[in-house]
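This report refers to the structure that appears directly beneath it.
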Amino acid sequence: MEFLATFRKGGVHPKDKKELANRQPIEPFTAVSELIVPLSQHTGSPAKPLKAKGDVVVAGEKIGESTSFISANIHSPVNGTISDIKKITLANSVISDAFVITVDSENPFGKWSLQERKEYTGAELLNLVKEMGIVGAGGAAFPTHVKLSIPRGKKVNDLVINGVECEPYLTSDHRLMLERGEEILEGILYVAKIVNPQKITIGIENNKRDAIDNLRQIIEEKGHPIEIVPLKVKYPQGDEKQLLKAIIKREVPSGKLPLDVGAVVVNIGTAFAIWEAVALNKPFIERVVTLSGESIKDKKNLLVPIGTKVEDLLKLTACEETDNYIAGGPMMGFAFWDTTTPITKGTSGILALAPSKKGRVTTPCISCGRCITACPMGLQPTKLYRLIDHGQYEVAMANHLMDCKECGCCAYVCPANLPLVHAMKLGKRVGRK
Ligand code: SF4
Ligand code: SF4
């Protein structure tokens, strides 16, 4: 039997529920009449609008320009007209200006075809990644050109590709690895040209065995210098720090980045977006989104234009009434209520779970220590919770509160149902000031 790598400390095993959607092939979603495209859908400063109300836009045209190094360009996903620019609240509660685009019903989409092959330098590729507005597709939406800009004097030993997709329900990366394997591997080689690593590894959890086999077969046929490392199924292995512990057996120190241990981590969906940018000259204007959860009858993996309203997607899925929507996965995603909210570059899935149970009872901490065992960051969630509850934010900060990844493992195992992650988020927000 093949050895399965993993990280050692902490982690939990929630039911993955991937069987609900992992056999649903990616289908293009085309029934769009209006998009809402936010200017702030990435980590960092919002893009500045380049278009005004009434302007006609074409698919792929830059409509928002990055305003600082940590920012990203925004492009129109469709042909249409800017009918409004308004403030909206995204599913993650960020308030952003957004273009409302009325889609040209006669000719809604751009045509993207393979470009003539060109030998790019690493610097040209990096510039293309920036120009095309590519951000991390795994959820955090960190601008990819920033991650791939290696400071002078730093060296990349390991390029690690994150095909873990450890959040329950989500299957968008899984389907991409099955259906677009060749393109993903080419995208990875473009990334390698930028960061010049000594080794390239893809980490994939063993509940995606068909994806592991598919990528291995292509790697063998094409002779790509890429290794696949199958991983035990354990949450939160998709977190960069846990993934690096599992694959390169190195721990990123507190407050440091993967690059400080000579590693760069890139998500599968991001590698695919980079392939599209280079091979098709196509900006990051659409992405694969999983639609799943107990309230959705027809689970799907859809290729969706950025800015599509969630309610338009739900219409396709025979979704039953619920008050329990999540953007992303159930462990780290964002609960939201307004289904007019749009899909952004970081939206990997929309879950409509069973209606929430009212009157969830919390009891005092029974000092069972389960949260400490579950914490992959080696923190003491029970102690941090007590400190935050008593307003002792500075002491909590001194106890490494900022190392908390908000992964939810502590809350998942807590028999007292204490709102541990909520407390960590609050403590970080107040303690940072
Ligand atoms: S949410 Fe924070 S404290 Fe809780 S298990 Fe995750 S890293 Fe540890
Ligand atoms: S798991 Fe919950 S009850 Fe147990 S020690 Fe941690 S906070 Fe207390």
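Note: hydrogens, waters and symmetry copies are ignored here, and every other heavy atom, side chains too, is used. All ligand and atom numbering here is 1-based and tracks the order in the structure.
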Are Ile366 and ligand 2 in contact, using a heavy-atom cut-off of under 4.0 Å? yes
Please tell me whether [X] and [Y] have a donor and an acceptor in their side chains that are separated by less than 3.5 angstrom.
| X | Y | result |
| --- | --- | --- |
| Asn267 | Asn162 | no |
| Asn399 | Lys383 | yes |
| Glu294 | Tyr169 | yes |
| Ser45 | Thr67 | yes |

Please identify which atoms of ligand 2 are closer than 4.0 Å to at least one heavy atom of [X].
| X | result |
| --- | --- |
| Cys414 | 1 (S), 2 (Fe), 3 (S), 7 (S) |
| Pro415 | 1 (S) |
| Cys365 | 3 (S), 5 (S), 7 (S), 8 (Fe) |

Are any side-chain N or O atoms of Thr43 and backbone N or O atoms of Ala140, one a donor and one an acceptor, separated by less than 3.5 Å? yes
So, Glu179 side chain and Leu176 main chain: donor-acceptor pair closer than 3.5 Å or not? no
Going by an N to O cut-off under 4.0 Å, is there a salt bridge joining Glu205 and Lys234? no
Sort by chain and number the protein N/O/S atoms found under 2.8 Å from atom 2 (Fe) of ligand 1. Cys404 SG
Is it true that some N/O/S atom of Cys368, main chain or side chain, lies under 2.8 Å from atom 4 (Fe) of ligand 2? yes
Indicate, as side chain, backbone, both or neither, the part of Leu418 found under 4.0 angstrom from ligand 2 when only non-hydrogen atoms are considered. side chain
Under the criterion side-chain hydrogen bond (donor to acceptor under 3.5 Å, both in side chains), I'd like the reasoning laid out for Thr344 against Thr347: C-alpha separation, chi angles, the key distance, then a yes or no. CA-CA 5 Å; Thr344 64; Thr347 314; 3.1 Å; yes
For Thr339, all residues meeting side chain to side chain donor-acceptor pair (under 3.5 Å), sequence neighbours excluded: none
N/O/S of Cys371 less than 2.8 Å from atom 6 (Fe) of ligand 2? yes
